[in-house]
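Both backbone and side-chain heavy atoms feed into the values below; hydrogens, waters and symmetry mates do not. Atoms within a ligand are numbered from 1 in the order they appear, just like the ligands themselves. Numbering starts at 1 and runs along the sequence shown.
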Amino acid sequence: MKKRIYYTKPSITELEVEYATDAARHGWGDRCYEYIEHFERAFREHLQVDYAIATSSCTGALHMGMAALGIGEGDEVILADTNWIATAAPIIHLGAKPVFVDILPDTWCIDPSLVEEAITSRTKAIIAVHLYGNLCEMDELLAIGEKYGIPVIEDAAEAIGSIYHGKRAGSMGNFGSFSFHGTKTLTTGEGGMFVTNDAALYERVLTLSNHGRARGQKKQFWPEIIGFKYKMSNIQAAIGCAQMERVGDLIARKREIFRYYQKSLVSIDGISMNPETSLTVNGYWMPTLVFDKSTAITREDLLKTFQDEGINARVFFYPLSSLPEFGGVARNSRSQSICERAINLPSYHDMSQTDQISVVSIIKKLKVNEV
Ligand SMILES: *Cc1c(COP(=O)(O)O)cnc(C)c1O
């Protein structure tokens, strides 16, 4: 039987094992926060931001950040229709309403002109999700935020390694969020990070993250507001510390894998891949192929071909508006159209060139067969 090619896999070396083992043996009592503090510091330095709070997930970081911005009952939050549910779920949990707008055809990220059209008196935030490592048009989004006095949130879960005009993804908005789920470029198994340069917002999230207990409160077990419990454990943070020492290498390898696909597939007509526009660097979390309508290649063709060849391919995110919980009817044509003729390609640190060659040859074959 042929070997399966997975679409992602974490890169775990002796360093991660060593730190996790140390945390399990010694990271208790007085030392129970050591790796967490170290991980937060390393992440702040990497991102060049003032504050970072390690969390149990990116979803949790978004939930607390939006709660701290005061988003609640009856409010609206604008985000791209092409998205993973994790960005929208916390909006619903807070009693607010997600407003889905269409994406740009080249970056597959939120279209700023549609954001401006969607603003109402109830809009409380705009979320910029850097899809698959591609960058949102941050200058335009931040200008809109400024013009209307609306915070811009960056969900950078997929964008470690991505840089926009010299600034790292996640460091430009009112706050940013990251995910260290096992499929992400940098992983702690499960985990996330809240980052910001806003001291007051940081204090609010810090209090929320500690079940509403304010820093400096001398009285024990004295929560003053209802908060959350989305903390990262010291053992997870230990793995994160090792990954942070290797972050440059983890990102470089993602870029190398992407470049190999790009070089091998660029000559085929009717395919586009993740863009890297001027003044940006793409972290290329998920190398993605979008087939032109003219090729007549569909998601179903792609899935079947990949499955038959033992390759784990991932479908491009469905528009959230097309999911049953949001009405079940796709409301944005570009978001709907792209997901019908696109696929994510396998990409992970230890992927061999032989495996990449197999993936490429299948795509080439598919093209010949189908057109
Ligand atoms: C993975 C992902 C999340 C969710 O991350 P968790 O850590 O699983 O909560 C949120 N947003 C985007 C864009 C993601 O890709």
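- Closest to atom 15 (O) of ligand 1, if we only count protein heavy atoms, is Glu158 OE2, 2.4 Å.
- In terms of protein heavy atoms, atom 9 (O) of ligand 1 is closest to Thr59 OG1, 2.5 Å.
- Grouping the Ile, Leu, Val, Met, Phe, Trp and Tyr side chains by contacts below 4.5 angstrom, directly or via other members, places Val17 apart from Tyr19.
- Of all the heavy atoms of Cys58, the ones lying under 4.0 Å from any atom of ligand 1 are found in both the backbone and the side chain.
- From the protein, the heavy atom lying nearest to atom 8 (O) of ligand 1 is Ser179 OG, 4.0 Å.
- An N or O contact shorter than 3.5 Å is missing between Trp84 and ligand 1 by distance.
- For the residue pair Ser347 and Lys254, a side-chain donor N or O sits within less than 3.5 Å of a side-chain acceptor on the partner.
- Residue contacts with ligand 1, taken as heavy atom pairs separated by less than 4.0 Å, involve Ala86 solely via side-chain atoms from C-beta onward.
- Distances from atom 2 (C) of ligand 1 to the heavy atoms of His130, Met286, Lys184 show the closest one on Lys184.
- Looking at every heavy atom in both residues, Thr120 comes nearest to Glu76 through OG1-OE1, 2.9 Å.
- Aromatic pair Phe306/Tyr7: ring centres not closer than 6.0 Å.
- Proximity of the aromatic rings of Phe194 and Tyr230 is defined here by a centroid distance below 6.0 angstrom, and this criterion is not met.
- Taking atom 11 (N) of ligand 1 as the reference point, the nearest protein heavy-atom neighbour is Asp155 OD2, 2.7 Å.
- For the pair Glu256 and Arg253, the salt-bridge criterion is met [side-chain N within less than 4.0 Å of a carboxylate O].
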